[in-house]
2 protein chains.
Amino acid sequence: MATIREVAARAGVSAATVSRVVNGVPGFSEGTRERVKAAIDELGYEPDSLARGLKTSQSALLGVLAPAVSDALASQILSGVESAARESGHAVMLGRTGAGAELATDYLRTLRAYRPAGVVLISSAITPDMRRAAGSRIPLISVAIRKGSEFASIAIDDELAAYEGTKALLDAGHRRIGLLAGDESSVLVNKPRERGYRRAMAEAGATPLEERGNSLYESALPALERLWRRDPGLTAIFALSDEMGAAAVNEAQRRGLRVPDDLSVLGFDDTPTSRHVHPPLSTVAQPLVPMGELAVRVLLGEHGRNRILPHRLITRGTTGPVPAYSP
Amino acid sequence: MATIREVAARAGVSAATVSRVVNGVPGFSEGTRERVKAAIDELGYEPDSLARGLKTSQSALLGVLAPAVSDALASQILSGVESAARESGHAVMLGRTGAGAELATDYLRTLRAYRPAGVVLISSAITPDMRRAAGSRIPLISVAIRKGSEFASIAIDDELAAYEGTKALLDAGHRRIGLLAGDESSVLVNKPRERGYRRAMAEAGATPLEERGNSLYESALPALERLWRRDPGLTAIFALSDEMGAAAVNEAQRRGLRVPDDLSVLGFDDTPTSRHVHPPLSTVAQPLVPMGELAVRVLLGEHGRNRILPHRLITRGTTGPVPAYSP
DNA sequence: TTGTAAGCGTTATCAT
DNA sequence: ATGATAACGCTTACAA
């Protein structure tokens, strides 16, 4: 762990000069540059980020908060964040939000002490408490969730995406489309999606049919049961998460329904889970990785704030035309 | 962003005293403690981690390296790491290893500059290069991979686990058990598992039948195809990853085989993927979350090094007795 | 082009 | 029990 002074001594210059060379700040000759570089290599010198951060009151750290570390959707976004961060010479600090906002503010306070260049909040809206905990210096941005325009965010238009997903099912001739909704508390993501579904159904004069899970695989089973009980002749299911979509595919097949021949299933988000069923799940895709990348670019000031990214309907194997007869 | 001096001024004491109170270092009276605490609350003071780390040459950061940020197995381990880290007052820095060891050494160099309390390497052995890049100060530990005993690690006994998994299939009467192996380059994880399979098969006088994927879902399809071509009468498939196991379940059902009535499938690792098929996948479980937790405890010096954790056979819905007749 | 020196916010040593 | 002071390793005016 050589210090800048040791490098300076070895190169026969002052620490200030080494600093200039390292940071590419003008003010040294070519010869000096070479001698300094040589000394750096010989000593294996690496600038101490702690000292640098202290001096400049800014570290090359980027905070990320995810609802759960092992969440598939969050992992995809995190993946984009990580690569963009690395590209711009930043390292990533990761924390878990959990259900409530308490852990988040806690973690934000911890983060602040490291003077990060910014913080990305995944699937979590920015509350005034959080904003306060982070201090005024640190830019925050939320991803995959949209709220007013007071805070920066990167997301899709959930209402529109769900509307178009439903529309695609309707256009394929489906009328009896069951909705597998997510948690009621998800006011900024699930609620808009539900509204999109209802709007499309209403426009088509079809009757909405909704049951609620919590977006996870297991939660879909009872909701599915209720859906089928209310209408055994459903020809399509729109699940507001890929996990619930995967559950619908598996459960339908278990009951002897062919997918998509007897029942179409449409998922949401385009997480890797969508590829873990057979046939692979059609889904309303969010560009998760690019969203993560864009978030760090915005934080780093390379882009404007508050962007809506385009969603995309990906037709894989689980959606098809309405069956000629009700199974 | 109040500093320690501002707190000191407000409490009418010196910065040194505030520091003592904050760190619980003896040398202050009860009255002083109260006044300092009050000043801290009033100013919303939070010690600057950068300055503290610089002074103590040790930050409360824990590095984690994962092969891919969105890897399901790594996510589980990461989840354990995060919770143990938080519990001990540490924050987590996350980086991606990628395929080669180059990114890893790169990242370790970056990490070193933050003087972390330790680094956890997920599914990646510690090479001398890495050891060097990290510097001699920083303890490293690898998780879910085992190598000699020169470096600390937390893992299961892969050979034994695969042996017992195979044995369970054999005990259920299966003889024609196909192996879905992982990448050949995985010398420290997949190879031992293959050996365990072969040993069990040999002991039972059964003929091993192996095809290779790369542990991911898609890679299993062609391998499966080859397996069935070599023996259309297979009664069981042992997949050395849950993703490949899930693929086997889906593909078998697609071909009209009932699982587990016609074909048993056993996975490996116990990632969430195992619950995303129907019936849910039986699997040879690694205690991934506890492994992550233990890794940070070992790094922090609360436990010994080099631990082998117990694996566990989890029988869910995809394994059963050998069918009476060959389908 | 280069060096000197101050200071970022903290902790640790040494007095008092 | 408490305070003054000197680092930790770096960057950045300001001088030269």
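When reading the values below, keep in mind they use all heavy atoms of this one structure, side chains included, and skip hydrogens, waters and symmetry mates. Just so we're clear, the structure is a prediction, and the values are computed from it rather than from any experiment.
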For DNA chain C, which residues in residues 25-43 of chain B have a heavy atom at a distance below 4.0 Å?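 Those residues: none at all.
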Length of the line joining [X]:[atom1] and [N]:[atom2], which is rounded to integer Å:
X        : N     : atom1 : atom2 : answer
B:Tyr114 : D:dG9 : OH    : P     : 17 Å
A:Arg52  : D:dC8 : CZ    : C1'   : 16 Å
A:Arg5   : C:dT2 : CZ    : P     : 19 Å
A:Asn23  : D:dG9 : CG    : P     : 17 Å
A:Leu54  : C:dA6 : CG    : P     : 17 Å
A:Gln58  : C:dG9 : CD    : P     : 14 Å
B:Leu50  : D:dG9 : CG    : P     : 14 Å
A:Glu6   : D:dC8 : CD    : P     : 11 Å

Report yes if at least one side-chain N or O of [X] is closer than 4.0 Å to OP1 or OP2 of [N]; otherwise report no.
X       : N      : answer
B:Ser19 : C:dT11 : yes
B:Thr56 : C:dT11 : no
B:Ser57 : D:dC8  : no
B:Tyr45 : C:dT10 : yes

Does CD belonging to B:Glu34 count more than 12 external heavy atoms closer than 6.0 Å?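 Above 12, so yes.
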Does a sphere of radius 6.0 Å around CD in B:Glu42 hold more than 12 heavy atoms from other residues, nucleotides or ligands, not counting ones at 6.0 Å or beyond?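 Count over threshold, so yes.
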Classify the side chain of B:Lys55 versus the base of C:dA12 as yes if they form a donor-acceptor pair under 3.5 Å and no if they do not.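 It does not, because no donor-acceptor pair links the side chain of B:Lys55 to the base of C:dA12 below 3.5 Å.
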Ignoring hydrogens and geometry beyond distance, is the side chain of B:Arg115 in donor-acceptor contact with the base of D:dG9 at under 3.5 Å?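 Looking at the base of D:dG9, it does not pair with any donor or acceptor on the side chain of B:Arg115 (distance under 3.5 Å).
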Tell me the closest heavy-atom pair linking A:Leu188 and A:Arg146, and the distance in Å.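 Heavy-atom minimum between the residues: CD2-O, 3.5 Å.
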Considering all heavy atoms, the nearest A:Val92-A:Val64 contact: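 In this case the closest contact between A:Val92 and A:Val64 is CG1-CG2, 3.7 Å.
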Between B:Asp183 and B:Ser185, does the side chain to side chain donor-acceptor pair (under 3.5 Å) criterion hold? Intermediate values first, please. CA-CA 5 Å; B:Asp183 202 288; B:Ser185 66; 2.7 Å; yes
Side-chain donor-acceptor contacts of residues 46-55 of chain B below 3.5 Å, not counting sequence neighbours, with atom names and distances?
residue, atom, partner, partner atom, Å
B:Asp48, OD1, B:Leu50, N, 2.7
B:Asp48, OD1, B:Ala51, N, 3.0
B:Asp48, OD2, A:Arg115, NE, 2.7
B:Asp48, OD2, A:Arg115, NH2, 3.2
B:Arg52, NH2, B:Asn23, OD1, 3.3

What's the closest nucleotide to the A:Arg20 side chain, out of D:dC14, C:dT10, C:dT13?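 It is D:dC14.
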Using the salt bridge (Lys or Arg N to Asp or Glu O under 4.0 Å) rule, take B:Arg86 and B:Glu82 through it: C-alpha gap first, then chi angles, then the decisive distance, then the call. CA-CA 6 Å; B:Arg86 178 183 296 248; B:Glu82 199 274 342; 3.2 Å; yes
On DNA chain D, compare the nucleotides closest to A:Ile4 and B:Val13; which residue's is nearer the 5' end?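 Between the two, 5'-proximity favours B:Val13.
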